[in-house]
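Notes for the one structure printed next.
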Amino acid sequence: MSSARKIIIDTDPGQDDAAAIMLALGSPEEIEVLGITAVAGNVPLTLTARNARIVCELCNRTDVKIFAGAERPVARPLVTAEHVHGKTGLDGPALDEPTMPLQEQHAVDFIVETLRAEAPGAVTLCTLGPLTNIALALTKAPEIAPSVRELVMMGGGFFEGGNITPAAEFNISVDPEAAEIVFRSGIPIVMMPLDVTHRVLTRKTRVEKIRAIGSPAAVALAEMLEFFERFDIEKYGTDGGPLHDPTVIAYILRPELFTGRDCNVEIETASPLTTGMTVVDWWQVTGRAHNAKVMRHIDDEGFFELLAERLARI
């Protein structure tokens with residue numbers, strides 16, 4: 001019997017999403033990807049579903065099933081991030097159009113069906129974008145919540161504030177109502193906020209190490225990161241940009257790279273000033289029950305060593 005951890009990757013690729021998918025696909029002994037569900041976020045759904053297939057083809061994994069999900073947030077218009085990711089979401093390299101099929105089943109139905117079919121606690125949800133698909137699945141079938149082993153997510157921020165507004169991180173800001181549903185679901189949540197991801201910078205030496213692997217996937221990723229980081233280098237004045245989404249997969253593989261604490265996290269959905277803010281009770285001042293393990297620190301060198309090692313396996 002395989003000991004690989006079963007996961008569903010819910011994603012809106014995005015160059016950093018591509019890195020996360022590659023990290024997962026480069027770790028088959030430890031991770032079994034049951035499916036990839038696309039959601040609108042960094043770019044519209046037609047492109048995120050396209051991009052997920054492009055990444056799988058770069059990794060020679062046309063066996064992975066990819067499902068298109070929500071085209072827009074639960075209760076508000078879609079806001080995208082082409083100013084960061086480019087018009088395709090994967091700007092940087094020259095990429096062929098995908099030939100592998102998109103599954104006919106809707107992503108939300110796939111999530112519900114899979115969690116009903118697998119043993120309780122067998123499946124981990126890895127979310128790299130807005131939480132719309134997960135929230136819709138929980139609304140449609142609330143009984144699936146106890147079946148989830150845990151949900152490891154990239155989203156939010158506390159000490160680092162926001163990256164799309166002063167208070168809000170992009171994934172949560174795009175669909176705060178969905179985030180509120182997920183955080184109130186009772187699913188064990190591990191949260192990778194900007195406080196962690198701003199510590200994993202795509203420094204030139206790190207990107208060159210990835211390029212030197214020489215495989216089509218690694219070279220394409222290096223070119224993606226060179227495009228992706230230009231926005232954050234200008235914004236933050238750093239050597240390289242934060243590589244957000246692969247921290248989710250790295251946690252599945254090497255949780256010892258991270259430190260954090262159990263907290264209560266509430267999602268602001270009403271304030272015009274702070275909509276999408278993850279209100280983290282880091283100092284335990286409210287008495288509200290914990291509902292997430294919020295990470296704050298990461299061994300960034302260990303993270304990039306893991307990423308390079310797994311890319312070299314593809």
Side-chain angles (χ1 to χ4, degrees), residues 8-21 33 35-56 64-92 95 97-98 100-112 114 125-140 151-156 162-165 168-183 192 197 224 227-228 231 244-246 248 267 269 275-276 278:
I8 294 172
I9 299 176
D10 190 69
T11 180
D12 61 337
Q15 291 91 345
D16 56 328
D17 304 71
I21 294 168
V33 180
I36 296 175
T37 51
V39 66
N42 287 323
V43 287
L45 180 67
T46 53
L47 289 173
T48 61
R50 163 193 179 268
N51 293 348
R53 288 178 287 156
I54 287 173
V55 175
C56 287
V64 177
K65 293 182 178 180
I66 299 174
F67 304 81
E71 295 182 352
R72 52 161 290 166
V74 168
R76 57 185 72 216
L78 176 65
V79 174
T80 54
E82 287 89 349
H83 63 292
V84 178
H85 298 276
K87 65 180 181 179
T88 70
L90 294 182
D91 279 21
L95 297 168
E97 288 299 315
M100 65 184 288
L102 190 65
Q103 301 299 306
E104 292 185 6
Q105 187 178 29
H106 193 280
V108 170
D109 295 328
F110 167 74
I111 292 167
V112 170
T114 301
L125 301 177
C126 296
T127 65
L128 314 179
L131 291 163
T132 316
N133 284 340
I134 309 303
L136 291 174
L138 288 167
T139 301
K140 182 173 186 176
L151 185 151
V152 186
M153 59 169 290
M154 189 279 129
N163 64 351
I164 192 69
T165 75
E169 179 275 329
F170 178 80
N171 287 341
I172 306 299
S173 177
V174 167
D175 199 344
E177 285 77 16
E180 183 178 48
I181 290 168
V182 171
F183 274 87
M192 295 292 162
T197 66
M224 289 182 205
F227 178 91
F228 173 62
F231 177 82
H244 306 284
D245 292 332
V248 169
I267 309 298
T269 61
T275 294
T278 45

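Only heavy atoms go into these numbers, but all of them, side chains included; no hydrogens, no water, no symmetry mates.
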Taking the side chain as every heavy atom from C-beta outward, state whether [X] and [Y] have any atom pair closer than 4.5 Å.
X: T37; Y: I8; value: yes
X: P130; Y: D12; value: yes
X: F228; Y: D91; value: no
X: N42; Y: F170; value: yes
X: C56; Y: I36; value: yes
X: L102; Y: R50; value: no

Measure across [X] and [Y] and return the closest heavy-atom pair with its distance rounded to 0.1 Å.
X: I172; Y: G156; result: CG1-N, 3.5 Å
X: P176; Y: V174; result: CD-C, 3.7 Å
X: F227; Y: Q15; result: CD2-NE2, 3.4 Å
X: M224; Y: A18; result: SD-CB, 3.8 Å
X: A107; Y: G69; result: CB-CA, 3.5 Å
X: M153; Y: L151; result: CB-CD2, 3.5 Å

>> For a side chain to side chain contact (heavy atoms under 4.5 Å, CB included) check, start with the C-alpha distance between T275 and S173, then their side-chain angles and the critical distance, and finish with the verdict.
In response: CA-CA 7 Å; T275 294; S173 177; 5.9 Å; no

For [X], which residues count as a side-chain contact (heavy atoms from CB on, under 4.5 Å) partner, sequence neighbours excluded?
X: I181; result: A135, L138, T139
X: A137; result: V108, I111, V112, I144
X: Q103; result: K65, F67
X: A70; result: V39, T132, N133, L136

>> Could you walk me through whether I54 and L90 satisfy the side chain to side chain contact (heavy atoms under 4.5 Å, CB included) test, starting with their C-alpha distance in whole Å, then the side-chain angles of each, then the deciding distance to 0.1 Å, before giving a yes or no?
In response: CA-CA 9 Å; I54 287 173; L90 294 182; 4.3 Å; yes

> Hey, mind stepping through L131 and D175 against side chain to side chain contact (heavy atoms under 4.5 Å, CB included) and telling me if it holds?
Replying inline: CA-CA 7 Å; L131 291 163; D175 199 344; over 6 Å; no

> Is E97 salt-bridged to R53, cutoff N-O under 4.0 Å?
Replying inline: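 Salt bridge absent between E97 and R53.
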
>> Quick check for you: to the nearest 0.5 Å, what is the distance between M192 atom CE and T197 atom OG1?
In response: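 If I round to the nearest 0.5 Å, the distance is 10.0 Å.
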
>> Distance check, rounded to the nearest 0.5 Å: L125 atom CG versus I134 atom CD1?
In response: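 Atom-to-atom, L125:CG and I134:CD1 are 5.0 Å apart.
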
>> Considering only residues two or more places apart or on different chains, which pairs with a residue in residues 67-78 satisfy salt bridge (Lys or Arg N to Asp or Glu O under 4.0 Å)?
In response: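 Pairs touching residues 67-78 that pass the test: R76-E177.
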
> Counting distance only, does the side-chain N/O of E82 pair as donor-acceptor with the main-chain N or O of V43 below 3.5 Å?
Replying inline: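 No, the answer is negative, given that no donor and acceptor are paired below the 3.5 Å cut-off.
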
> Between the main-chain N or O of L128 and the side-chain N or O of N171, is there a donor-acceptor pair closer than 3.5 Å?
Replying inline: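 Yes, N171 side chain to L128 backbone: donor-acceptor pair under 3.5 Å.
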
>> Could you go through T127 and V152, starting from their C-alpha distance and side-chain angles, then the distance that decides it, and tell me whether this counts as side chain to side chain contact (heavy atoms under 4.5 Å, CB included)?
In response: CA-CA 6 Å; T127 65; V152 186; over 6 Å; no

> Going by atom types only, do D16 and H244 share a side-chain donor-acceptor pair under 3.5 Å?
Replying inline: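 Not at all, the side chains of D16 and H244 share no donor-acceptor pair under 3.5 Å.
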
>> Pairing donors with acceptors under 3.5 angstrom, does anything connect the side chains of T48 and N51?
In response: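 No - no donor-acceptor pair under 3.5 Å links their side chains.
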
> Which residues pass the side-chain hydrogen bond (donor to acceptor under 3.5 Å, both in side chains) test with D245, sequence neighbours left out?
Replying inline: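 Testing D245 for side-chain hydrogen bond (donor to acceptor under 3.5 Å, both in side chains), a comparison that skips the adjacent residues, returns none.
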
